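Written out below as structure tokens is the structure these notes cover.
Here, residue 1 is the first one in the sequence, and each next residue gets the next number. First listed ligand is number 1; within each ligand, the first listed atom is number 1. Quantities reported herein were computed from a predicted structural model and do not represent experimental measurements.
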Amino acid sequence: NGNGDKPSNHWGSDEYLSREAKDKTVDNLLPNEDGPDKEKGNFVGLERKLGLVSGICLIVGTMIGSGIFASPRYVMEHSGSVGLTLIVWSLCGVLAMLGALCYSELGTMIPLSGAEYAYLYEGFGPLAAFLYSWTSVIVLKPSQVAIICLAFGAYVIEPFFQGCGDREDLQPVVKLLAAIAIGIILFVNAASVKWASRMQIVFTVCKMVAIIMLIITGLVRLGQGFTQSFENSFANTQNKIGIVGFAFYNGLWAYDGWNNLNYVTEELKNPYRDLPLSIMIGIPLVTVCYVLVNIAYLAVLTPAEIMTSSAVAVTLADRLYGVMAWVIPIFVASSTFGAANGSAFSGGRLVFAAARQGHLPKFLAMIHTKRHTPLPAMLFTSIIAWVMLLPNSSSFETLINYFSFAAWVFYGCTVSALLWLRYKQPDTKRPYRVALPIPILVVLASIYLIVAPFYEAPLESFFCLLFILSGIPFYLVSCISRSCLKVSSMALRG
Ligand code: ARG
């Protein structure tokens, strides 16, 4: 955007559609029909600045946010036993890594920004790509913001209500805090990209400190012989495979963001080597951290305590850290706040890009003339996130179910596009080729993740599916308005 106030690529834990973010011209809006980003003339080339370490930090930074502090309760509830809980957390890491490796092949084969949008376009055409952008703009991004802010709310109030029994009554307060957090994030992002990115660095440090503190605590406790929680660890294991799907939803939420590096492939110095390598280092690193943090929770608390705590890290801190217990809620709240800030930032950029492509009303692609921030787009994402907090039934858990269902429909489709492209375009250059069983495995896992919860809670999944498909009429409308625009612009030029 050429004003010196643009986000640095190293701004800790977030993704953004880099090319779109740089190109802020709102004129020249005639939507292109050649597919993603083919309007090349518009763009300033991006510098290849990111090395291996930045790649790893980007992955780790986006993945760690709210999930590891808020999901453990639900993973345990749905898996029933300590043994299965730890297996689910580990398998989620494996799935995230396999998924990311498939994305590496796609990212190096189709080096366009927009990740899923570009791959789905190449594999299955414009409608599939549109439905993805529709779903991510209306469901995925706003629900990410809402979910993370709910975790923020839970951690902010927890210290004040320790030992007060039922947390259900506090849900309105949690929601109010979440709504306030969304408002602050909107304000900061609308005011200045520079503030937003500075804030991000502080929060990234906070979350790393929190994770390291918890891991050390766990290791010390294990060393002291507190291993009761691990005895008989498969007793009460959930035997309904559909319900275990919900455990995966919650675990996978903590890993979400594994595809993040694909949004900046163009900015990697050596993408063919660094893209897969960052994934193979970054994701196992997060997996080990997550499993160790879970072991820490279990070394301090009983499974029953974990299942009833809405802010498990606070419960742990209260038990052990004495007068220093206040640091955990503060660090975790900062971590979640940073994650929400990241999601809101990229959500705004996505709305902006979709509007510029002609998929959403044009005013959403407007940029604040002085502040150079995509204000209408940010506001759009925040309003939907606020609305998501309104229904009585909406909570961290229910929103995760909606989010994960929709997300895995598209992760599955994207990896299917990889398989389809192998068949359809066997000779296209693939600088990084993933072993064939991997995408097959990821597609099968996605099918499980879509079907199992559908079977257990058909209504929720059905609504979600209906929502995704309701993009079709909008697609048709946008096609018609595109052709009208084209005709009128041709008439004007003529
Ligand atoms: N894994 C993150 C968390 O635990 C959520 C990431 C949301 N997704 C994203 N692409 N930013 O809070």
Sub-4.0 Å heavy-atom contact, Ser343 with ligand 1: yes
Geometric N/O contact Gln144 with ligand 1, under 3.5 angstrom: yes
Nitrogen or oxygen atoms of Met63 and ligand 1 under 3.5 Å apart: yes
Close-contact set for ligand 1 against Gly67 heavy atoms, below 4.0 Å: 3 (C), 4 (O), 12 (O)
Step-by-step side chain to side chain donor-acceptor pair (under 3.5 Å) determination, Thr315 to Ser309: CA-CA 7 Å; Thr315 315; Ser309 167; 2.7 Å; yes
N-O pairing of Glu305 and Arg319 below 4.0 Å: yes
Pair Phe410 and Tyr132, ring centroids less than 6.0 Å apart: yes
Pair Phe474 + Trp134: ring centers closer than 6.0 Å: yes
Polar proximity ligand 1 side, Ile64 side, N/O cut 3.5 Å exclusive: no
Contact (N/O only, under 3.5 Å) between Asp256 and ligand 1: yes
Between Ser334 and Lys207: side-chain donor-acceptor atoms closer than 3.5 Å: no
Exam field: side chain Ser335 to backbone Phe331, donor-acceptor pair closer than 3.5 Å: no
N or O pair under 3.5 Å between Ala339 and ligand 1: no
